[in-house]
Undergrad: 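Mind looking over this structure? Questions follow.
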2 protein chains.
Amino acid sequence: MNRDRELVFFPASTSQRRDYTKRIYRLFTEYLARNGLRLTGPRRRILEYFLGAERHLSQDDIFGALRRYGIGRATVFRTLKMLEECRLINHVTGTSGKPRFEMNLERPHHDHLICVLCGRIQEVRWPKLEAIQESACRRFGFVPAWHRHEIFGRCADCSRKQSAGR
Amino acid sequence: MNRDRELVFFPASTSQRRDYTKRIYRLFTEYLARNGLRLTGPRRRILEYFLGAERHLSQDDIFGALRRYGIGRATVFRTLKMLEECRLINHVTGTSGKPRFEMNLERPHHDHLICVLCGRIQEVRWPKLEAIQESACRRFGFVPAWHRHEIFGRCADCSRKQSAGR
DNA sequence: GTCGATGCAAACGATTTGCAGTGGA
DNA sequence: TCCACTGCAAATCGTTTGCATCGAC
């Protein structure tokens with residue numbers, strides 16, 4: 001299975017990737033400088049891991065992958081919170097309610113189809129749906145800031161397997 | 001403020017209410033019997049509280065209101081889980097991430113506008129939106145079971161107050 | 001050198017579970 | 001009567017925080 005397909009956008013070629021990484025780093029260091037914070041080893045490693053991951057990561061994925069560098073759980077939590085605050089990453093509700101994270105920068109807005117059997121998260125773009133939603137909010141005088149639109153069910157693979165098994 | 005307006009549907013007249021309550025109880029007792037479970041005082045009280053509430057309740061609301069009957073937190077959690085499992089109630093993500101619950105039975109599907117300032121939860125029906133969503137899932141071979149569509153932002157009252165205060 | 005960041009462990013808040021006693025069918 | 005249900009307290013889970021030390025600037 002090609003996990004890459006599950007991401008709506010991810011730089012494909014090596015040069016695109018290099019440029020993307022560079023832009024991410026610039027935004028990150030600017031954010032850090034603006035707030036009197038520092039670019040440290042653990043922060044760099046976590047960001048690097050996101051850049052290489054191409055899928056939705058849990059806190060455990062990150063901690064598990066980076067513990068060999070002696071990075072503690074607290075630091076992972078602290079950094080995730082920070083990256084979310086500066087809008088470089090986004091969080092999605094995974095199956096079992098545990099949050100998963102995705103790179104956010106320069107990626108078009110999308111919603112999520114979450115498979116309750118295998119936990120796979122598929123991204124979908126629905127521009128038409130977003131438009132309807134916006135206008136409806138306005139009718140209520142409600143000023144939307146962000147939203148969460150997650151659909152839980154069975155993905156194509158799992159529902160195929162399930163009906164074959166019967 | 002009339003909180004009732006925030007619910008898309010709730011039986012209005014006394015007789016409608018009585019019938020609704022009767023149907024809820026029948027479904028609940030049937031569910032209990034089917035699983036070899038019992039209709040106990042605490043369970044009855046919690047259900048009763050939902051029937052009278054007409055708004056989105058947190059676990060704390062329920063515990064707080066019923067502690068005078070000596071009902072423990074564990075029982076509230078256990079019962080909420082059970083009611084959710086038999087689909088009599090639904091859970092919505094409140095502000096601060098804590099779940100809130102609503103009666104689910106015989107109520108048309110709706111989404112939620114959640115005010116990040118006052119925590120108020122407003123319900124919206126979007127039949128057109130639901131239709132688009134359904135058809136898009138089908139295109140992916142994804143079989144939706146349930147979804148969560150929550151929009152966070154400022155409600156009409158709060159955004160008015162906020163701009164007046166400036 | 002300064003002061004923010006780190007890892008560790010302890011603290012925390014929400015939820016769950018073990019258990020002995022209680023009560024619904 | 002029987003066994004599910006209860007409240008309580010202890011346990012657990014994910015996350016946060018206090019603190020002494022470390023390291024980026």
Undergrad: Identify, with sequence neighbours excluded, every residue that meets salt bridge (Lys or Arg N to Asp or Glu O under 4.0 Å) alongside B:D19.
TA: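 For B:D19, no residue satisfies salt bridge (Lys or Arg N to Asp or Glu O under 4.0 Å) once neighbours in sequence are set aside.
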Undergrad: Taking any atom closer than 4.0 angstrom to a non-hydrogen atom of chain B, what span of DNA chain C does the protein reach, first nucleotide to last?
TA: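 So the contact region on DNA chain C extends C:dA14 to C:dA25.
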Undergrad: Name all residues meeting the salt bridge (Lys or Arg N to Asp or Glu O under 4.0 Å) criterion together with A:E134; count only those two or more places apart in sequence or in a different chain, and write none if there are none.
TA: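 Scan of A:E134 (salt bridge (Lys or Arg N to Asp or Glu O under 4.0 Å), adjacent residues dropped) gives A:R138.
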Undergrad: Quick one: salt bridge (Lys or Arg N to Asp or Glu O under 4.0 Å) pairs with a partner in residues 69-93 of chain B, sequence neighbours left out?
TA: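 Of all non-adjacent pairs touching residues 69-93 of chain B, those that pass salt bridge (Lys or Arg N to Asp or Glu O under 4.0 Å) are B:D60-B:R73.
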Undergrad: Walk along nucleotides 15-25 of chain D from 5' to 3' and tag each nucleotide B, S or - by protein heavy-atom contact under 4.0 Å, base first, then sugar-phosphate.
TA: BBBB----BBS
Undergrad: Less than 3.5 Å apart, which donor and acceptor atoms pair up between the side chains of residues 29-46 of chain B and the rest of the protein, not counting sequence neighbours?
TA:
residue : atom : partner : partner atom : Å
B:T29   : OG1  : B:Y25   : O            : 2.8
B:T29   : OG1  : B:R26   : O            : 3.0
B:R43   : NH1  : B:R38   : O            : 2.7

Undergrad: Restricting to ring-ring contact (aromatic ring centres under 6.0 Å, His included), what partner residues turn up for A:F152, sequence neighbours left out?
TA: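 ring-ring contact (aromatic ring centres under 6.0 Å, His included) list for A:F152, sorted by chain: B:W146.
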Undergrad: Is there any ring-ring contact (aromatic ring centres under 6.0 Å, His included) pair reaching into residues 119-145 of chain B, and which pairs are they, with sequence neighbours excluded?
TA: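 For residues 119-145 of chain B, and leaving out neighbouring residues, the ring-ring contact (aromatic ring centres under 6.0 Å, His included) pairs sorted by first residue read B:W126-B:H149.
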Undergrad: Which pairs with one or both residues in residues 90-109 of chain A pass ring-ring contact (aromatic ring centres under 6.0 Å, His included), sequence neighbours excluded?
TA: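 Every ring-ring contact (aromatic ring centres under 6.0 Å, His included) pair that includes a residue of residues 90-109 of chain A, provided the two are not neighbours, is A:H109-A:H147.
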Undergrad: Which residues in residues 82-94 of chain A have at least one heavy atom lying under 4.0 Å from any atom of DNA chain D?
TA: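 Output list: empty, so none.
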Undergrad: Under the rule for salt bridge (Lys or Arg N to Asp or Glu O under 4.0 Å), what residues qualify as partners of B:R67, not counting sequence neighbours?
TA: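 Checked B:R67 against salt bridge (Lys or Arg N to Asp or Glu O under 4.0 Å); zero matches.
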Undergrad: Roughly how bent is the helix from C:dG1-D:dC25 to C:dA25-D:dT1 end to end, in steps of 10 degrees, with each end axis from five pairs?
TA: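 Its terminal axes enclose an angle near 30°.
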